[in-house]
Asker: 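Below is the structure I would like to discuss, written out as structure tokens.
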Amino acid sequence: MSAKEIVVDAYINGEDFQTEEKITRENPSKPDEIVGYAPLNTREDTVRAIDAADAAFEGWSATPVEERINRMKRAVQKLKEATPEIAELLAREHGKPIYDAEGEIAVSLAWMERAADRAVDVLKDEVNEDENGRTITQYDPLGVVSAISPWNYPISLSTIKIAPAILAGNPIVIKPSPLAPLAVSKAIKIIAEEFPAGVVNLVNGEAEVGIELTSNPKIQKIAFTGGTETGKKIMKSAADTIKKITLELGGNDPAIILPDFDVNDEAAMRRLVISNFLTAGEICMIAKRIYVPRSMHDSFVEKYIEAANKWIRIGDPLDREVTTGPINNKAQKEYVEELVEDAQKNGAEVRKVGRILHEDLFDQGYYLQPTVVLGANQQDRIVEEEQFGPTVPIIPYEDEKEAIELANDSIFGLTSSVWGEEEHAIKVARQIEAGTTMINTAAVQGLDVRYAFGGVKQSGIGREYGDDGLRAYVSKHIINAPLNKDLEYIPE
Ligand code: NAD
């Protein structure tokens, strides 16, 4: 092990927990370099973490919300101080550009603060007194929550669950993805240390850890972000003991370009291009299919490619000039290549875009030069499936009705975007089947943690962020003291 290699532990019941077997995380820019090791926890370790959380429930749920908030604010401060170190580690193990790693932590902090600021108002009793009597709505914590996060935004997609769960009085056990476990484990430990033992527990590992976290009878609620196929398994696993679930799953987000979009609007074109290729396209909520009026297809493509060549710079994620790093892992790289080749076989034209800044790394790492795919059909895999990589098809449409039909022609419904004159774009947006539709922006650029986020159709169940994101971790308990306590229609 070299001095630069990082070792993170699990964190169970307020203590570090080591394992013999480790997950080895390589640097996707230079796969021969090991970034560090995370524990490979077992199902037994996971049961231990769940039991610790269960034991903490009574005390934590009885802790005044003001104390939970104060602890959360201290955790925010500690994580903020650690940002430079954690962001660099995240960029190295994940492959995302350093400023996107910093941005991910900034979004996490913004949400943790927002959730803390809203907790009193959202979780307080609602009392109604009228001629019928008195009714109190009390928001009860649910019990032990399990959280499972994916590799693409490991820190923000973990804190999105941890903050509301514990503010609402629920201890949590969280499992990040083995494909980016290091920075997130450090971040979670920093947060966990601000809370009593057993309130925040961290385990790492493969699917079997996730299976325990979604089947153990002591778990009351599962908060999952990841692929739709895994989401289906989790839903089945949750059914046996009727666990509450929030599922944030895959997306295949359409972007509709309206005829009144100005292809010469450089700022808007840059926004679209950046949203497509930031983090090498490994974002659930980016435009994965662009629909353009047939009459402006060629001028749009020309300007889009021009912008991509100007703004997209591929290379070492630690170089602040770089907008697009390597793909996180080899299997994902091969999958994206397969989709592009399939489109090519079906007659599509593939244009490479962006500038490669570090040729030496490009050849050894899991890099893919971003591509724009022209002439693909709606039924091609590159259009139907979620690419999760630096490639995007641009597809012509005849009229607005067809654009909306094509956009909605998907099993997914996470986010979407409409580009053009604002009022016109809003009118079109209302007809799209999605959890969020952004106007003249897309992806993380248009994310606002004050509002609910989540999908329709096979993109998920439930919402994170916003007040809904807090309410997802409580149940409504109605305490009803009516004046008239008898059913009048039952004869005496
Ligand atoms: P994945 O489904 O392969 O893995 C996600 C997590 O689930 C990992 O921690 C994994 O170890 C765990 N897991 C795997 N099998 C499991 C099982 N049977 N039971 C319980 N846990 C199990 O997803 P991924 O490849 O890490 O992430 C990419 C996917 O996540 C994409 O589809 C992307 O769109 C989606 N995503 C969605 C959102 C959103 O907010 N909707 C955000 C980010 C990513």
Side-chain angles (χ1 to χ4, degrees), residues 23 25 38 40-41 43 46 94 96 104 107-108 111 146-161 173-181 184-185 188 202-216 219 222-239 243 245-253 279-288 327-333 335-336 385-389 410-416 434-436 443-444 447 449 452-466 469 472:
I23 296 164
R25 186 62 204 146
L40 184 66
N41 287 115
R43 280 186 87 143
T46 312
H94 183 286
K96 64 171 64 192
E104 175 175 346
V107 169
S108 306
W111 165 240
S146 68
I148 300 173
S149 55
W151 52 266
N152 66 324
Y153 276 79
I155 298 177
S156 60
L157 296 173
S158 296
T159 51
I160 204 174
K161 301 166 176 51
V173 182
I174 180 151
K175 182 195 105 61
S177 163
L179 292 167
V184 66
S185 293
I188 292 171
L202 162 72
V203 282
N204 269 288
E206 302 287 348
E208 63 162 23
V209 169
I211 290 167
E212 186 62 43
L213 284 176
T214 54
S215 59
N216 188 299
I219 299 292
I222 303 165
F224 171 77
T225 304
T228 295
E229 289 314 309
T230 316
K232 289 178 189 174
K233 289 183 196 158
I234 287 173
M235 213 167 160
K236 286 182 189 148
S237 191
K243 300 183 195 312
I245 48 174
T246 299
L247 300 177
E248 295 284 359
L249 309 177
N252 190 4
D253 299 358
T279 308
E282 299 158 324
I283 306 183
C284 57
M285 48 180 304
I286 59 169
K288 292 171 181 153
I327 308 287
N328 170 270
N329 59 82
K330 193 162 175 260
Q332 186 62 24
K333 180 186 175 206
Y335 173 68
V336 178
E385 296 181 23
E386 178 184 33
Q387 311 109 7
F388 224 61
S410 171
I411 59 164
F412 298 109
L414 190 57
T415 80
S416 53
T436 302
V444 188
L447 184 69
V449 301
F453 180 86
V456 299
K457 301 197 276 188
Q458 293 191 31
S459 286
I461 294 175
R463 292 291 181 268
E464 295 187 308
Y465 288 144

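Sequential numbering from 1 along the given sequence is applied to the chain's residues. Remember, it's 1-based here, ligands and their atoms both numbered in the order they're listed.
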Asker: When you measure from the side chain of Lys243 to the backbone of Asn216, do you find a donor-acceptor pair of N or O atoms at a distance under 3.5 Å?
Answerer: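 Yes.
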Asker: Can you tell me how the ring of Tyr465 sits relative to the ring of Trp111, calling it parallel under 30°, perpendicular over 60° and tilted otherwise?
Answerer: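 Plane angle over 60°, so perpendicular.
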Asker: Whether the side chain of Asp253 engages the backbone of Thr415 through a donor-acceptor N/O pair (distance < 3.5 Å, no angle test) should be reported.
Answerer: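 Yes, because the side chain of Asp253 sits within donor-acceptor range (under 3.5 Å) of the backbone of Thr415.
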Asker: Do the charged groups of Lys96 and Glu282 touch, with an N to O distance under 4.0 Å?
Answerer: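 Salt bridge: no.
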Asker: List in chain and number order the residues that pass side chain to side chain donor-acceptor pair (under 3.5 Å) with Thr225, two or more places apart in sequence or in another chain; answer none if no residue qualifies.
Answerer: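 Scan of Thr225 (side chain to side chain donor-acceptor pair (under 3.5 Å), adjacent residues dropped) gives Lys161.
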Asker: Is Arg43 paired with Glu208 through a side-chain N to carboxylate O contact shorter than 4.0 Å?
Answerer: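 Answer for the salt bridge query: no.
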Asker: So which residues, sorted by chain and number, lie with a heavy atom under 4.0 Å of ligand 1?
Answerer: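 For ligand 1, the residues that come within the 4.0 Å heavy-atom cutoff are Ile148, Ser149, Pro150, Trp151, Asn152, Leu157, Lys175, Pro176, Ser177, Pro178, Ala207, Gly210, Ile211, Phe224, Thr225, Gly226, Gly227, Thr230, Lys233, Ile234, Glu248, Leu249, Gly250, Gly251, Cys284, Glu386, Phe388, Leu414, Phe453.
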